2 protein chains.
Amino acid sequence: MANILEVARRAGVSSATVSRVLNKTGTVSSNTRFKVEKAIEELKYEPSMLGRNLRNSESRLLLVLIPNFSNPYYTEIINGIEDYSIANGYNILLCETDSNPDRENIFFNMVKNKLADGIISMDPTVNMQKLTELADEHPIILCSEYDEGGSIPYVAIDNESAAYKAIKHLIKLGNHNIGLINTDEKFLYARQRRKGYERALKEFNLPIRNEWIYTTAGLDFQHGVQAMRKLLQLNEKPSAVFAVSDTLAIGALKELNVRGLNVPDDLSVVGFDNISFSNMTTPTLTTVAQPMYKMGFTAASMLINSIKGRKVESVILDYELIIRESTMK
Amino acid sequence: MANILEVARRAGVSSATVSRVLNKTGTVSSNTRFKVEKAIEELKYEPSMLGRNLRNSESRLLLVLIPNFSNPYYTEIINGIEDYSIANGYNILLCETDSNPDRENIFFNMVKNKLADGIISMDPTVNMQKLTELADEHPIILCSEYDEGGSIPYVAIDNESAAYKAIKHLIKLGNHNIGLINTDEKFLYARQRRKGYERALKEFNLPIRNEWIYTTAGLDFQHGVQAMRKLLQLNEKPSAVFAVSDTLAIGALKELNVRGLNVPDDLSVVGFDNISFSNMTTPTLTTVAQPMYKMGFTAASMLINSIKGRKVESVILDYELIIRESTMK
DNA sequence: TTGAAAGCGCTAACAT
DNA sequence: ATGTTAGCGCTTTCAA
């Protein structure tokens, strides 16, 4: 593969001139430009990003940290990140951490090593202390899950009020016994959604009963199945359930189905995230939609602004309660 | 951020010696090594990959081309690719082409530009001609979708025989009228699965009826819904349907459900891919499982071997028919 | 065992 | 308008 010097020689100019043509900087006579372009063409020259990046000390690569690919929740966010990034000359590197600190370190090092210019983290299991240290020296944005009171800028929705709204919807339908399928409260969104759940119950003078709150060990469908199974073993069963993720809610629907229970007649279900699948279940799932594409898009714009040295502020976006069959009675 | 020279000065050695310590090459006295490690520690030095990559003219980055993230089919393959790659010191860059030639070009250029060392393409819509040209100069592996008679090495399953087996299963259950929900036959797997479908029918002297073969415009759930709707409008309806992807099959199940038809009593359904969701539908979905993780793992090992200059051969992996409720009658 | 120095491919300051 | 040159951070050959 030809390098810039060979192009320069063939065109009878210096490498500086070739660089000017390549980057459309400085001034080049149209005659010289023509010669250079001809040489580029003839040699099928492609500039090496390795040289350019070293010289400019930038990689134009952004890291996107997610715990794992298999959660469909992330796909639309990633689309948003990717669209903004590519439009602005950056590429993204999707990093699956598997909630594994070793992997996390690899990715952190890529930033320290100048292999990437910044990070968007969507990983709720990320080591926030390390990330905050890293944020001292490198541009970092949090997306969806963030650090309350921390210093790293974030994009998110108001989880507390979204959960509140979902529960209020269930209450207005006449449900007084409302269960919660939550996930580990080490996650901020889990704590926030639980708070919203409790606020709504209190507001309507409904009791908060611990046996109606089930905490799962993960977000797979199977965890939702498991959770619903437990709730159905109770003497006094809830008449509605709010799951903090669609995957859990779908697992719950599956279990209800297997038990021959009718949703929403026997029990109403609300999920969270509006993954594409939530419209394919029977019944279709009532859920909270986050503006995922916009979240990703916004996060990317914040990160790139931050890389360019501009100051960025955290952003709270709107959500929407999408009412479908699982709560239509 | 300190560079190698500062470390060298602080340790009272040359940058060459620091490099030797860093890379564990050459010979360094344990005393010198100690001094260098101390200096690295004190300065919190992290080697720049930019410099190293330029020098070694490699990026240790692999591109993985997929048409879009939202198809859950790809997630396990990606896990396999990622595990092998990371274990061997490479990182992967997930590239969503959206079947858009412009995006594709960006990614091709990254390889030409030395920003990436090779490509694994899972994109059935990729411009095979361009990719083949690129493969002359750069390591490229195809995964799952490949180029029949082409020169690029691939990992895949035998789609024709997998479809054949699925149809034979339906026939043995007593189905004589079997529909096919296929996708655009510009895709190799679509042509191969159709062939398998036809071979099984012929073998049992069953007619191949064009009105029972529906070709969708895409792989979203909604396309499956649409396809089933059309098949149900026929005067003579099929008693079983084979869809070439789980997403389509799940859409079909949804439509059957909406129409109040029972699966498998009124109509049996078989999908393809064994996505995690296929076990959450009601009824659960009979489907063909590809060894996705292994496919990804294999593809990555082939690519890295190819980068290291070793010769690689195409690989055909085994599949498995997973029988679930949608065909249990 | 260690150091000096060249060079990977590029850009930009400076000179002409 | 164009060329000369230094240097980004690293590795490696050659010499000591």
Side-chain angles (χ1 to χ4, degrees), chain A residues 1-40 43-61 89 109-117 137, chain B residues 1-40 43-61 89 109-117 137:
Chain A
M1 176 64 78
N3 64 22
I4 199 171
L5 204 62
E6 297 176 49
V7 174
R9 272 200 286 265
R10 179 162 198 125
V13 300
S14 74
S15 65
T17 298
V18 177
S19 176
R20 286 186 192 104
V21 171
L22 248 30
N23 299 291
K24 306 190 206 312
T25 60
T27 48
V28 185
S29 77
S30 60
N31 185 28
T32 312
R33 160 171 294 113
F34 180 77
K35 283 190 298 180
V36 170
E37 281 165 350
K38 188 154 162 283
I40 289 177
L43 294 172
K44 292 190 184 192
Y45 166 72
E46 303 275 350
S48 160
M49 289 299 166
L50 255 31
R52 180 176 289 174
N53 288 347
L54 175 60
R55 172 65 218 222
N56 297 340
S57 63
E58 63 170 13
S59 66
R60 297 206 150 243
L61 214 55
N109 282 332
M110 288 183 72
V111 179
K112 292 183 185 164
N113 294 336
K114 305 277 179 195
L115 246 190
D117 293 345
E137 304 232 32
Chain B
M1 176 67 76
N3 63 19
I4 200 170
L5 205 60
E6 297 174 51
V7 174
R9 273 199 286 266
R10 180 160 197 127
V13 299
S14 74
S15 64
T17 300
V18 177
S19 176
R20 286 186 192 106
V21 172
L22 248 29
N23 297 290
K24 305 191 206 313
T25 59
T27 50
V28 186
S29 77
S30 61
N31 185 31
T32 312
R33 159 170 296 114
F34 180 77
K35 285 190 298 182
V36 170
E37 280 165 352
K38 188 155 162 281
I40 289 176
L43 293 172
K44 294 190 183 191
Y45 166 72
E46 303 274 352
S48 160
M49 289 299 165
L50 254 34
R52 180 175 289 174
N53 289 346
L54 175 59
R55 172 65 218 219
N56 297 341
S57 63
E58 63 171 12
S59 66
R60 299 207 148 242
L61 215 54
N109 281 332
M110 289 183 72
V111 180
K112 292 184 186 164
N113 294 336
K114 304 276 176 196
L115 246 191
D117 294 344
E137 304 232 30

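In this text, all values refer to a predicted model and were calculated from it rather than measured experimentally.
- The separation between B:Glu6 atom CD and D:dC8 atom P is 10 Å, rounded to whole Å.
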Could you go through nucleotides 6-9 of chain C and list every protein N or O atom that sits under 3.5 Å from one of its N or O atoms, giving the distance for each pair?
unit_1 : atom_1 : unit_2  : atom_2 : d
C:dG7  : N2     : B:Arg55 : NH1    : 3.1
C:dC8  : O2     : B:Arg55 : N      : 3.4
C:dG9  : OP2    : A:Asn3  : ND2    : 3.4
C:dG9  : N2     : A:Gly51 : O      : 3.1

What pairs of donor and acceptor atoms, side-chain ones from residues 19-28 of chain B against any protein atom, are under 3.5 angstrom apart with sequence neighbours left out?
unit_1  : atom_1 : unit_2  : atom_2 : d
B:Ser19 : OG     : B:Asn23 : ND2    : 3.3
B:Asn23 : ND2    : B:Ser19 : O      : 2.9

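- Atoms CD and NZ, from A:Glu137 and B:Lys44 in turn, are 8.0 Å apart once rounded to the nearest 0.5 Å.
- In this entry the distance linking NZ of A:Lys35 with C1' of D:dG3 reads 13 Å, nearest Å.
- One can place CG of A:Leu115 at 14 Å from P of D:dG9, the figure rounded to the nearest angstrom.
- Not a single donor-acceptor pair under 3.5 Å links the side chain of A:Asn113 to the backbone N or O of A:Leu115.
- Rounded to a whole Å, the CD atom of B:Glu58 is 11 Å from the P atom of D:dT11.
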Sequence neighbours left out, cut at 3.5 Å: what donor-acceptor pairs do the side chains of residues 10-18 of chain A make with other protein atoms?
unit_1  : atom_1 : unit_2  : atom_2 : d
A:Arg10 : NE     : A:Glu42 : OE1    : 2.5
A:Arg10 : NH2    : A:Glu42 : OE1    : 3.1
A:Ser14 : OG     : A:Ala16 : N      : 3.3
A:Ser14 : OG     : A:Thr17 : N      : 3.4

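- Interatomic distance, CD1 of B:Ile40 versus CD of B:Glu6, reported as 12.5 Å (0.5 Å rounding).
- Between A:Tyr45 and A:Asn3 the shortest heavy-atom distance is CE1-C, 3.6 Å.
- Contact annotation: A:Thr17 side-chain N/O to D:dG3 OP1/OP2 distance is under 4.0 Å.
- Among the protein residues, B:Val13 comes within range of the sugar-phosphate backbone only, with heavy atoms under 4.0 Å from sugar or phosphate atoms but none that close to a base.
- Atom CD1 in A:Ile40 sits roughly 13 Å away from atom C1' in C:dC10 (whole-Å rounding).
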Give the C-alpha distance, both sets of side-chain angles, the deciding distance and a yes or no for side chain to side chain contact (heavy atoms under 4.5 Å, CB included) between A:Arg33 and A:Val36.
CA-CA 5 Å; A:Arg33 160 171 294 113; A:Val36 170; 5.7 Å; no
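- Remark: A:Glu58 engages A:Arg60 in a side-chain hydrogen bond (donor to acceptor under 3.5 Å, both in side chains) (not counting sequence neighbours).
- If you check residues 19-33 of chain A against DNA chain C, the residues with a heavy atom closer than 4.0 Å are A:Ser19, A:Arg20, A:Asn23, listed by number.
- The separation between B:Asn53 atom CG and D:dC10 atom C1' is 10 Å, rounded to whole Å.
- Annotation for A:Asn109 and B:Glu46: closest pair OD1-OE1, 3.7 Å, computed over non-hydrogen atoms.
- With values rounded to the nearest 0.5 angstrom, B:Met49 atom CE is found 14.0 Å from B:Leu54 atom CG.
- Although no hydrogens or angles enter the test, the distance criterion places no donor-acceptor pair under 3.5 Å between the side chain of B:Asn31 and the main chain of B:Phe34.
- We find that CZ of A:Arg9 is positioned 12 Å from P of D:dT4, with the value rounded to whole Å.
- The C1' atoms of five pairs define one axis at each end of the helix from C:dT1-D:dA16 to C:dT16-D:dA1, and these two axes lie 40° apart (to 10°).
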